Each structure stands twice: as structure tokens, then as C-alpha cells.
**Q** 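One structure coming up, written as C-alpha cells, with questions to follow.
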Amino acid sequence: MSDPVPSAASDDHRRGQPRLSRRAGRDGGEPIVSALMAQTLGRPHLVSLAAGFVDHESLPVEPLRRAWEHVWADRTEALSALQYGTTIGYPPLREALLARLLEADRRTADERKLSADRVVVTAGSNQLLYLLGSVLLDPDDVVLVGSPTYFVLLGTLAGLGAEAVGVAVDAQGVVPEAVNEELARHQAAGRLERVKAIYVTTYYDNPTGATMPAARRAELVEVARRWSRAGRIYVIEDAAYRELRCEGEDVPSLWSFDPDGETVVHVGSFSKSFSPGLRIGWGMLPPSLLGPVLAEKGRLDFGSANLNQRLMAAVLQLGLFDEHLAGLRARYRAKIDAILGAAERWLRPIGGVDWARPGGGMYLWVELPEGIDAGLSGPLFGRAAAEGVLYVPGECCFPERGAPPRKNTLRLSFGFPDCEAIVRGVEALARATGHVVAT
Ligand SMILES: Cc1ncc(COP(=O)(O)O)c(C=O)c1O
């Protein structure tokens, strides 16, 4: 009989090695967002126009103090707030979210045959995006995304083994005709059933700043419904920045153009409009996804932080949210003016540099002269850090497949720095760009 104890020298290299799941092994390194956040926090002298942090000084300390007092004024309420809640979320908060969505879209619950049963509260909207990926996608399944798109989602999809396929975007967001063509290509290749969803950020896109006009929203829903032949193709509408409108009229959500509420998943968040520290995101789900998402969330955490949801519900009930939003919009408007003014003053003279004016949100998407590599390993990134500014290279926002990446692009975020730092950051970027153009 052979010796049952594994003592062969050939096993030595395996001894004690971690054996991660295939899913954990797929992604490798730290997500770029964590790296950028760490760099920002660790080097206070640098102006970070990279991390998507929100305006710091206006975070809602006072509204939350009042909400806290409100909840604590009633001992029964306070005790409930400290207890577990439900997986789907705190009912008064979900009711308030439904009412706000319908009001913003100028719809009624009767007209849409809706109740708050379809509203799910999650730990930030990122959790909902992950849950949707988890219940929809098998390895090799496909999600169509803008080229460029929200880069954290690209990491989520890669982690699930799914493929992000990029389609063209323009100044009005994802181009429905490009989606149509990509779906036709998948059909011709016999792979239409692999396409499970189309992901779009409809307001003040991260990274391009674009807002999709109403007509295009209707068209996109129509394209998704038309191609839902081999199974439904969902449209995931990420509305994380809807409330950060600094000019123009609000546009009805893409969800409001979905006639039967079966195609569009509407994803919202209080992170950008109130406080990311509360980690409150939410979604309006088609009935077909409600059960699977809740089952998955139940396995994960059986409900997001109950206390935070009660505080947020109190903030809404006391009218503190809209009050806060009015002040926040004024601050972001000043920041948009600051970054556009600085770009005009410092970047414009370089020649061949361009950007689109965002009507809200936190991002300016910049195109540099053709041939300038703004990527992590290109000459501009290091030079910009040496001059005192960090940005997100545009290349991080392009999926590997589909419309090709443009290396001469970058994303500037004006959420966190104040106006003076924004101007300093853009000036530093212009110095670095001028240097790279000249060499
Ligand atoms: C487009 C977009 N969606 C979703 C999120 C996630 O935000 P949260 O999980 O804080 O709601 C972000 C954060 O930056 C974002 O930019």
C-alpha cells in the first residue's frame, strides 16, 4: 500500500497556497477606484480631479442631526431602528421613493399600476448593480454598455465572467442605432440569447457628463423590446446623478418610457445627492427580477442598514432633502463654472483640446489632441501627478470589446475639491499637457 501522507517534494509549492474561487481569481488587482481614493487620501498636496468623492463641506450634518432627533424622540421608533429590518427595505422610505419618482416623471401610481412593492432599498446603488449582474449573468453572457462607461461596472461584469461590449456614445449618451447594430451583429453570430442587458447612465453620465434626451430614451426602450426575442433584454437605467441638475429642465426617466414596466430597471442613489456615507441606493424593479434580486440580497445581508433607512425616511418626511438639494445644486453650479472657466483659460490655448459642457453632475470629459496618451502608463499621467493633479485616464472607462478606446481622453471630477483647488488642478493639467504636446 502507498503512503497516505502527501510528502512528495512536488507538492511543496502548493502547500498553504490560497485556493480562491474562479470568480475571485478572475479579476486580479485592486479596483482602480480604490487605488485612486487611496492616492487622494494619502497625498493631500495633490489636487484630485480623479476620485468620485462628493462635495465635502456641504455634507448634511445638520439635516441628519434633526432626522436623528426625530427618530429618537419616540422610544418605540428608536428601538425599531436598532433592530433588523426587512430585506426589501423600510416601507415608509420605499413609499417616499415611489412617490418622488412618479412626481419627477409626472406619472401616477394608478396609471402605471404600481405600488412600493417593486421598490427595493440596497446598500448604495452599486450593490443593486452587483445583484442585478449576479442574478442575470452567467459567464460569457453579454451586457451592452457605452464606450466609455462607468468603470466600476466594468470590474463587476469582469468579476462575474460576463462580457461588456461597448457601443458608440455621443454628446447625448448611448446611441440607440449603435445598440441596434450591435444586437443585429449578435443575432447574425447566433449569440443574441447571450445579451442579457443594456446599461446606461441617463443623467450627467459618469464619465462623459452627457444627459440622454427624452426621444432617445423612448427609442432605446423600443430597441430593447424589439430585440427581446430570445428572452428579455433588460435596460438598466443608472440615475445616480439625476438630482445634481444645475441647468435646464429635468428629463423624465428612461423607466417612464417602458410601457409595461417589464424592461427597464431604474436604479437610484442618495450618495451623490445627500451622503455616500449612508450607503442608500434603491431600485424600481420589473416584477420578473424582484424575486431573484430579493433572494440574492437575502443571502447577502437580509436588508440594508435599518437605522440609515429610517434616518433617510425622516429626512424626506421633514422636507430636509429638497432644502439640502437646493444648496448643493448652487455649490455644484459654481464648480461647473470654475472648471469650465479654468479649462477655457488654461486648456483651450493648447489647441486640439475639447470638452462638452455638463448640465449637472460631477464630471468633465476631456479630449486631448489625437496621439496624446493620457493612459496610466502614458507620459501625461505621471507628469500631471508631478505637476500636482490626478485624473482618471479615459482608457479605464472603455470595455475591451466593441467601439475602440480613445487613449487621448480623460475624466475630471469636480465633486470633492473646492473651486480654488479645481482651478489649480486644471492649471496643473494644462502645464503637464503642454509639456507632453511639446515633447
Ligand atoms: C454611475 C454611477 N453609478 C453608481 C454609483 C455607485 O454609487 P453608490 O453605490 O454610492 O450609490 C456611482 C458612484 O460613483 C456612479 O458613478
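Every number for a ligand or one of its atoms is a count from 1 in the order of the listing. These numbers come from a predicted model, not from an experiment. Position 1 is the first residue of the sequence; numbering continues from there.
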**Q** Please identify each residue that fulfils side chain to side chain donor-acceptor pair (under 3.5 Å) with Thr122, with sequence neighbours left out.
**A**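 Side chain to side chain donor-acceptor pair (under 3.5 Å) check on Thr122 returns nothing, list empty.
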**Q** Kindly write out the residues that satisfy side chain to side chain contact (heavy atoms under 4.5 Å, CB included) with Trp227, not counting sequence neighbours, or none if the list is empty.
**A**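 In terms of side chain to side chain contact (heavy atoms under 4.5 Å, CB included), with neighbours along the sequence ignored, Trp227 is linked to Asn180, Leu183, Ala184, Gln187, Leu192, Val223, Arg229, Ile233.
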**Q** Could you verify whether a donor N or O on one side chain and an acceptor N or O on the other, from Ser288 and Tyr234, lie under 3.5 Å apart?
**A**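 Judged by distance alone, the side chains do pair up.
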**Q** Please work out which of the three classes, parallel, tilted or perpendicular, describes the rings of His324 and Phe274, given edges at 30° and 60°.
**A**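 Phe274 vs His324 ring planes: perpendicular.
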**Q** Could you name the protein residues that come within less than 4.0 Å of ligand 1, counting only heavy atoms, and order them by chain and residue number?
**A**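 For ligand 1, the contacting residues are Gly124, Ser125, Asn126, Tyr150, Tyr199, Asn206, Asp238, Ala240, Tyr241, Ser269, Ser271, Lys272, Arg279.
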**Q** Can you tell me how the ring of Trp282 sits relative to the ring of His266, calling it parallel under 30°, perpendicular over 60° and tilted otherwise?
**A**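 Aromatic pair Trp282/His266 classed tilted.
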**Q** List the atom pairs, donor and acceptor, that lie under 3.5 Å between side-chain atoms in residues 123-130 and the rest of the protein, sequence neighbours left out.
**A**
from   : atom 1 : to     : atom 2 : distance (Å)
Asn126 : OD1    : Tyr150 : OH     : 2.8
Gln127 : OE1    : Ala123 : N      : 2.9
Gln127 : OE1    : Lys297 : NZ     : 2.9
Gln127 : NE2    : Asp301 : OD2    : 3.1
Tyr130 : OH     : Arg23  : NH1    : 3.0

